[in-house]
Each structure stands twice: as structure tokens, then as C-alpha cells.
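Here is the structure we will look at, set down as C-alpha cells.
Residue numbers start at 1 and run along the sequence shown. The analysis underlying the following values was restricted to heavy atoms, covering all of them including side chains, and did not include hydrogens, waters or symmetry mates.
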Amino acid sequence: MNLSMVVYDKNGATRGQLRMQLDFGGTKWSLAEDSGKLWTRIGASQSGAMDVRGTQVGIKGQPPGKLPQVVLLLSNVPENGNANAGTGKIVTSTDESLADGFVYWICEAPTLSPIRQAMMAVLRENVPVPVLSSGDPLFKKLTGYNTQMLLDNYWEPENKNPPWPEGKQPPKNTTFTTCNLTLGCLAGKLGARLGKKVGRWLSAGVLQLDWAAKDVPGSWIPSSSGGTPKVGDFYSKPDGSQVFGHVGTIGEITEQGTWVAVDGGQGGYRSANKKDFIKRVNRGKLEPSRMNGWVDIDKYFA
């Protein structure tokens, strides 16, 4: 969430403007590059932790010679998605004239890069509903498979009708799903829309998603970087005992800091009806530390 705010001193005089990003998923804030000069009159640090309590958000800064503390207390913050403007109190500052001053903030409309806008268009066209079954024509249009093809090629090749030619029957694989296949297909659709060639590893949709860095160095962002993925990025997370066990696409990040994934492999042979699914899955609070990392599509398709 990006906030633009006007800063007033304790006498109500306007002192300038600030721009700040609030990350509810990581409970941290960061300052826009063009706001540094004014902000130094309030706190020295350019980023830090947030103290979120209901609709109040405490911005923790570090005045010179002091430990990090709440320097700005924002009220009526739109974590519930209903407000787009509010006020805040300057709790402490390095400039005494700003102490007990206040701010008036507005929530800036989020902007997506052209690449991310293209990714949203790809998702709307190829996964236009919350759930796509392998029995749906759109499923086959995206992945190249339908339920019968999954049965014949992976789940029950011994039951194919007509049977496989002698020596051509593939091995039975009841754990196969379209998890990584879906990601590779979506990456290919995005590349085609952008007129960009998709590299070997991303187009293959490998579970070892950090191999995308072999295609485009620097495009893989490990969770240890301290960063946060954005809408449209391809993510990887552990699944049970598998470190690289699941991949998908970040389809939405809400103002509340939760996220929705667009994931294949949401069924499989062991599901009740022996179908696979592509679903828009609400994954709860966005916590990058729970991921292996993600492919930054801005960097990959630059």
C-alpha cells in the first residue's frame, strides 16, 4: 500500500509532503526516494518495522542517538479496505517544531508495470473463473491436457483404449499433477503477449524454480533477500517433505496483506473424482519467509 501524506507542524502550518509504502505482509514500511529530506526532520531511518493495532499503524523510526520507536502514528489505515484517507500524529521528531504535529494521508492507487498488466490479462483470459477442472475445455487450451489424457499418459496408462503400442506404454505415475505445467504454460502465454522468448527453465515449469536464474540471471529472488513478491510473480514454496514442492502464480495481493494464488495441481489422481484443477486459492497473509522465493517477472521479461 502506498501512502501520500501532507505534513503539518504543531501550529498547523504545512511543511511538505511524504510518500511511504506500507507492507502489511511483512509488517514493515519504507520511504519513497523523493521523501528523504523532509523525513530526516522526523526520523533518521529510511525503513523499519510497523506496529499494527487494529486500524492504527505505528511507524517505527530511529531518531539520532535513540533506539527505534514509534515516530508517526497513523489512524484509520485501510487495512479493512474501506478507507482511503486519514490522519496521523507525529509522536516524536528530530525537528522540535514538528513534534506534536500531524499528517493527512491518502492512499495512492496501486500501479502495475506494463509487464504485470500483461500478466493480469493473461490470467483473466486463461483462468477467468475461480476453478477450472481438467474436464473444462479452457483447461486443455492452457495446459494441453484433459482428464482422459492425464489418465492415459500418467494415472492409468494400462487402461488406455485403444492400448498403447507394444513397448510404448509410459510408466504409471499417480502423483503427477499440472502444478508446474500450469506455471510453464502461463509463462509462455505472457512471453507471447510481450513478444519475448521464454527461456528453457521457466517455460519447462520446473519445480526447482530457482533454475529460472539460468535463463535470466537475477530474476530469481530468494526469500532470504528480505524482499516481497508482487502481483504476477511466479512463486515457489515447500510442500511437505519436498523443499521445492509447489509452484504457482501470485494472482492478487490485497490491501489487507493477504494474497490469492493461481495454482495448478489442485486435485490429481488421488482426488475424489480423479480430476486435476487450476484454482484461485486464498493463501492468507503474505509471508515471503514461507516461500523458497519467486521469479520477478519485471526482471525476467525486461
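- Residue Phe234 is grouped with residue Ile115 when hydrophobic side chains (ILVMFWY) are merged at heavy-atom distances under 4.5 angstrom, including chains of intermediate members.
- Ring planes of Tyr235 and Trp259: perpendicular class, angle over 60° (limits at 30 and 60°).
- A single hydrophobic cluster is seen to contain both Val52 and Val103, as judged by linkage of ILVMFWY side chains at heavy-atom distances under 4.5 Å, directly or through other members.
- Atom CD1 of residue Ile90 and atom CG of residue Leu73 lie 11.5 Å apart, to the nearest 0.5 angstrom.
- At distances below 3.5 Å, not a single donor-acceptor pair connects side-chain atoms of Arg283 with backbone N or O atoms of Ala261.
- The distance from atom OG1 of Thr177 to atom CD of Gln266, rounded to the nearest 0.5 Å, is 8.0 Å.
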Checklist entry - Can you list the steps and then say if Asp95 with Arg15 is a salt bridge (charged side-chain N to carboxylate O under 4.0 Å, His left out)? => result CA-CA 11 Å; Asp95 183 338; Arg15 299 297 293 272; 3.4 Å; yes
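- With Asp263 as reference, His246 is the one residue of His246, Lys279, Arg280 to meet the side-chain hydrogen bond (donor to acceptor under 3.5 Å, both in side chains) rule.
- Cluster annotation: Val122 is connected to Val129 through the hydrophobic network of ILVMFWY side chains, with a link wherever side-chain heavy atoms come within less than 4.5 Å.
- Closest of all the heavy-atom pairs between Leu138 and Pro128 is CD1-CG, 3.7 Å.
- In this structure, CG in Leu31 is found 9.5 Å from CZ in Arg19, a value given to the nearest 0.5 Å.
- Distance check: Gln169 CD to Asn159 CG gives 9.0 Å after rounding to the nearest 0.5 Å.
- Using bins of under 30°, 30° to 60° and over 60° for the plane-to-plane angle, the ring pair Trp211/Trp201 lands in the perpendicular bin.
- Hydrophobic cluster membership differs between Val260 and Val281, with clusters built from Ile, Leu, Val, Met, Phe, Trp and Tyr side chains linked at under 4.5 angstrom.
- Salt-bridge annotation for Glu156 and Lys274: present, with a side-chain N of the basic residue lying under 4.0 Å from a carboxylate O of the acidic one.
- Residues Leu72 and Val70 fall into different hydrophobic clusters, defined by Ile, Leu, Val, Met, Phe, Trp and Tyr side chains chained together at heavy-atom separations under 4.5 Å.
- Judged by the 6.0 Å and 45° rule, Lys275 forms no cation-pi pair with Phe139.
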